[in-house]
Amino acid sequence: MATQNPFNKILKTLEKPAGGGEFGKYYSLPALNDSRIDALPYSIRILLESAIRNCDEFQVKSDDVEKIIDWKNTSPKLVEIPFKPARVLLQDFTGVPAVVDLACMRDAMNRLGGDSNKINPLVPVDLVIDHSVQVDVARSENAVQANMELEFQRNKERFGFLKWGSNAFNNMLVVPPGSGIVHQVNLEYLGRVVFNTNGVLYPDSVVGTDSHTTMIDGLGVAGWGVGGIEAEAAMLGQPMSMVLPGVVGFKLSGKLRSGVTATDLVLTVTQMLRKHGVVGKFVEFYGQGMSELPLADRATIANMSPEYGATMGFFPVDHVTLQYLKLTGRSDETVSMIESYLRANKMFVDYSEPQVERVYSSYLELNLEDVEPCVSGPKRPHDRVTLKEMKVDWHACLNNKVGFKGFAVPKESQTKVVDFTFNETPAKLKHGDVVIAAITSCTNTSNPSVMLGAALVAKKACDLGLEVKPWIKTSLAPGSGVVTKYLQRSGLQKYLNQLGFNIVGYGCTTCIGNSGDINEAVASAITENDIVAAAVLSGNRNFEGRVHPLTRANYLASPPLVVAYALAGTVDIDFDTEPIGIAKDGTQIFFRDIWPSSEEIADVVQSSVLPDMFRETYNAITKGNPMWNSLSVPSGNLYAWDSTSTYIHEPPYFKGMTMSPPGSHGVKNAYCLLNFGDSITTDHISPAGSIHKDSPAARYLTERGVDRRDFNSYGSRRGNDEVMARGTFANIRIVNKFLNGEVGPKTIHIPSGEKLSVFDAANKYKSEGHDTIILAGAEYGSGSSRDWAAKGPMLLGVKAVISKSFERIHRSNLVGMGIIPLCFKSGEDADSLGLTGHERYTIDLPSSVNEIRPGQDIAVVTDNGKTFTCTLRFDTEVELAYFNHGGILQYAIRNLINAKH
């Protein structure tokens with residue numbers, strides 16, 4: 001069990017400058033007197049400090065600390081380490097089930113006679129409601145209000161629940177809808193860089209339930225995306241297991257040329273890193289070019305870590321970071337503390353001093369002067385196209401066979417022009433015409449240079465009399481209210497409005513597919529004539545079908561380029577040789593005539609972006625807006641569950657729970673619910689997308705009076721376990737060996753031979769008193785980590801999964817939900833052992849968890865006389881403790897009840 005921290009001997013006092021007292025205590029890395037630390041990447045030093053500070057010889061051991069210090073030798077061996085982040089970041093879709101679980105834990109604590117008020121996040125939790133804005137109304141001065149009213153109509157129940165949570169739980173900040181995009185708010189306001197908690201200083205680090213949590217890496221805060229169960233575990237003070245990553249050193253030199261934007265840079269970096277191969281690795285940026293790279297540009301690069309495949313794109317703290325902290329309204333005292341702590345603990349980079357050569361797993365280098373203006377598309381973020389090659393590339397895409405760079409449009413059809421009528425005015429549409437132009441996404445809206453650059457393009461265009469075609473759906477969705485303030489101060493917002501780029505809301509919009517409908521006449525012209533229409537957006541993802549169902553070509557571009565392409569009306573253009581439009585006097589206007597220089601942009605940024613704007617915006621951020629403030633929610637620390645709700649429902653995780661842990665338990669005479677081959681992903685397992693009209697989830701909603709048009713998505717109903725359990729294994733592409741080649745979400749109920757939906761079969765087994773297991777091949781649970789991929793099977797009654805191998809995080813999630821993970825022995829699988837899945841399975845475990853060792857052999861016996869040996873995949877003592885208690889949530893409740901304080 002836990003003991004006193006053996007590293008307390010290196011606790012030091014950090015003095016304030018000029019004898020002003022002390023900031024607090026800190027665990028000093030230099031006090032270890034270990035020369036290996038000097039060569040460690042800065043990102044690894046953050047993992048090291050966390051392990052030292054949290055070492056209790058149970059959850060985090062001295063051996064783990066040694067593994068991290070010896071990173072150069074241990075990281076190639078893919079060793080696992082525990083990590084405890086300093087805080088957790090949630091957005092509304094993933095935040096709802098986390099708050100549901102906390103509310104259920106309070107109820108269970110209350111039933112067991114404990115103090116329910118003890119159930120609070122043990123680390124700070126920041127929840128930003130930003131995923132619900134849809135661009136229903138655009139090109140209107142009233143767009144923000146109109147879209148927000150629709151947003152509240154659709155999501156009133158979820159919003160009310162989260163508002164209750166903001167009042168009920170300590171250590172949880174809920175940022176109301178209409179405030180901004182989670183990652184921009186995190187960068188400008190929530191990011192601490194250094195914490196000072198109860199007089200102990202330590203680096204800020206964060207895990208978030210959105211993949212672009214990595215944006216905070218640009219501020220020198222280690223952060224990345226995780227699944228819901230890992231986030232909940234971190235909230236409850238539990239460590240998350242991770243492979244000690246390799247670190248790619250990315251050296252920057254030189255300076256961006258005039259007219260080249262941060263977006264051009266990030267698309268270049270994304271392509272380079274995709275080619276290099278960085279999946280599962282950290283990328284750490286360094287070199288003299290860093291001193292020329294503004295923090296907002298760094299954040300843009302860090303944001304797109306998921307697109308280049310890295311866990312993090314990390315920028316260590318330096319003088320540029322400190323300048324940004326002051327710009328965004330952090331106090332002088334706070335900035336002084338951050339600098340003093342990081343310098344003292346060898347986590348600050350001072351480019352005015354000689355640099356110690358750090359060791360990296362591999363190396364890349366980029367001279368910033370080589371970056372060219374570019375876009376990426378038409379279907380993937382890393383398919384970069386320079387502007388000068390865009391027209392040629394577009395025609396190649398029309399010709400190429402269908403694929404990431406092809407649409408297979410017949411030669412004779414490539415030049416066709418479609419006539420249609422828009423608001424009683426004749427109009428034309430052809431392949432490559434832009435129908436959506438959106439300045440959107442935290443990737444770029446957090447960057448004043450590209451936002452004000454877009455506004456300067458708009459001003460130059462308006463001054464020359466250029467216009468955007470009225471049927472192009474243009475929109476501007478800032479990531480925070482600060483953007484509105486500096487656009488207004490600069491006097492440039494009116495020019496964006498004039499071109500149709502009115503502000504539509506504050507949150508994730510076009511980038512996550514919340515584009516709203518395009519005009520019916522335009523939609524009909526596209527569908528009836530098979531037009532390859534285009535969207536241009538300043539986002540981070542452009543996979544086919546994501547932005548809008550009718551835009552088959554989707555290009556990522558900087559905000560200024562979004563405006564330029566909206567003016568041109570097509571992506572089928574060579575900006576060097578073809579005019580972008582015609583001026584009032586009839587002269588041709590070219591791209592170069594409206595493109596601002598870097599100096600012009602810098603001047604406007606200098607005069608328009610001020611610290612007071614950030615202070616004013618964020619001082620008022622938790623005050624909400626009239627619609628949020630008028631939401632009526634129940635008071636009290638225990639949630640008043642509404643049994644008729646189809647959005648928020650109390651799950652049965654703690655039904656029948658007592659203070660005594662259930663202890664070790666095997667599985668007796670279980671039936672096989674599903675028999676899988678290799679590569680069953682969390683997308684196959686977890687409920688996702690729309691709710692099919694013939695599915696068990698649809699049946700459940702219809703029985704409760706929900707009209708089909710109001711089914712909404714599984715994502716929006718993540719707070720209702722009844723819907724989510726019915727959507728587990730409901731993927732239409734799932735392949736179950738029981739069905740002999742038939743694809744779809746069905747299985748065979750073995751005793752009766754009936755073919756049923758997975759949910760109905762599972763329910764039948766439960767009603768008959770039978771346990772179930774799952775047989776699977778290699779890489780079970782691969783893909784994105786999803787909490788419902790573990791919660792769903794547990795609710796279906798699955799007690800164990802036997803596979804050839806597991807994806808690392810999904811295996812951990814199964815343990816967290818009380819499901820036993822077992823692996824066939826090397827060279828064996830269900831087929832080689834002659835298992836059909838029609839057998840009944842008994843898994844005998846020792847009666848006491850104290851007799852179980854991580855990774856021990858376990859015998860599995862079938863009812864037809866077969867016996868085979870599996871490896872029990874409880875990999876740590878901590879996981880055995882979870883199993884002993886029936887799961888991580890139950891473990892946390894009993895620990896809190898038993899705690900003396």
Side-chain angles (χ1 to χ4, degrees), residues 257 259-261 263-264 267-268 270-271 370-418 427-438 454 457 460-461 464 466-469 471-472 474 526 529-539 542 544 547 551-583 587-595:
R257 291 179 287 121
V260 177
T261 69
T263 318
D264 302 323
L267 296 179
T268 303
T270 298
Q271 186 182 47
D370 295 338
V371 178
E372 298 182 68
C374 58
V375 297
S376 276
K379 301 180 185 183
R380 295 190 301 186
H382 54 280
D383 289 333
R384 185 178 69 97
V385 187
T386 61
L387 279 196
K388 62 187 179 187
E389 297 168 337
M390 182 60 182
K391 188 177 180 75
V392 171
D393 191 82
W394 170 251
H395 284 274
C397 288
L398 290 179
N399 288 323
N400 293 344
K401 64 181 182 181
V402 173
F404 293 124
K405 294 288 288 185
F407 297 105
V409 176
K411 281 277 188 190
E412 63 273 14
S413 302
Q414 290 180 12
T415 56
K416 75 175 173 184
V417 178
V418 173
K428 298 180 184 297
L429 199 67
K430 61 184 190 303
H431 294 301
D433 277 5
V434 175
V435 296
I436 290 177
V457 170
K460 290 172 183 279
L464 291 166
L466 301 185
E467 295 178 346
V468 174
K469 293 182 178 70
W471 58 82
I472 297 177
T474 45
I526 293 169
N529 299 280
D530 202 21
I531 292 292
V532 182
V536 184
L537 66 151
S538 62
N542 57 338
E544 193 167 14
V547 172
T551 58
R552 284 154 64 192
N554 301 282
Y555 286 93
L556 305 182
S558 66
L561 276 178
V562 171
V563 178
Y565 274 111
L567 289 161
T570 181
V571 296
D572 184 8
I573 184 172
D574 182 336
F575 279 146
D576 284 343
T577 62
E578 296 178 83
I580 206 167
I582 307 296
T587 58
Q588 292 185 329
I589 303 301
F590 287 83
F591 178 80
R592 57 183 172 268
D593 299 322
I594 62 170
W595 199 253

What heavy-atom pair brings [X] and [Y] nearest, and what distance separates the two atoms?
X	Y	result
Ala564	Ile580	O-CD1, 3.4 Å
Ala566	Val468	O-CG1, 3.7 Å
Asn542	Gly377	ND2-CA, 3.4 Å
Cys374	Thr386	CB-CA, 3.9 Å
Val547	Ala535	CG1-CB, 4.0 Å
Arg552	Phe407	O-CE2, 3.5 Å

So, does [X] use its side chain to make a donor-acceptor pair with the main chain of [Y] at under 3.5 Å?
X	Y	result
Lys379	Gly403	yes
Glu389	Val385	no
Thr474	Ala437	no
His431	Val532	yes

Quick one, [X] and [Y] - any side-chain contact, counting heavy atoms below 4.5 Å?
X	Y	answer
Glu372	Val260	no
Asp383	Pro378	no
Gln588	Ile582	yes
Ile589	Leu567	no
Trp394	Ile573	no

Within this structure, what is the [atom1]-[atom2] distance for the pair [X] and [Y], rounded to the nearest 0.5 Å?
X	Y	atom1	atom2	result
Leu561	Leu537	CG	CG	12.0 Å
Thr268	Asp370	OG1	CG	9.5 Å
Ile594	Phe575	CD1	CZ	7.5 Å
Asp393	Leu387	CG	CG	11.5 Å
Ile436	Ile472	CD1	CD1	10.5 Å
Leu466	Lys460	CG	NZ	12.5 Å

I'd like to know whether CD of Glu467 has more than 12 heavy-atom contacts from other residues, nucleotides or ligands below 6.0 angstrom. no

If you count every heavy atom of other residues, nucleotides or ligands that lies below 6.0 Å from Lys388 atom NZ, does the total exceed 12? no

Salt bridge check: are Asp572 and Lys391 linked by an N-O gap of less than 4.0 Å? yes

Lys/Arg N to Asp/Glu carboxylate O, Lys428 vs Asp433, below 4.0 Å: no

Is there a side chain to side chain contact (heavy atoms under 4.5 Å, CB included) between Gln414 and Asn399 once you walk through the steps? CA-CA 9 Å; Gln414 290 180 12; Asn399 288 323; 2.6 Å; yes

Full working for salt bridge (charged side-chain N to carboxylate O under 4.0 Å, His left out) between Asp264 and Arg257: CA-CA 11 Å; Asp264 302 323; Arg257 291 179 287 121; over 6 Å; no

Under the criterion side chain to side chain contact (heavy atoms under 4.5 Å, CB included), I'd like the reasoning laid out for Phe590 against Trp595: C-alpha separation, chi angles, the key distance, then a yes or no. CA-CA 9 Å; Phe590 287 83; Trp595 199 253; over 6 Å; no

Do you know which of Val375, Leu267, Thr261 makes side chain to side chain contact (heavy atoms under 4.5 Å, CB included) with Ser558? Thr261

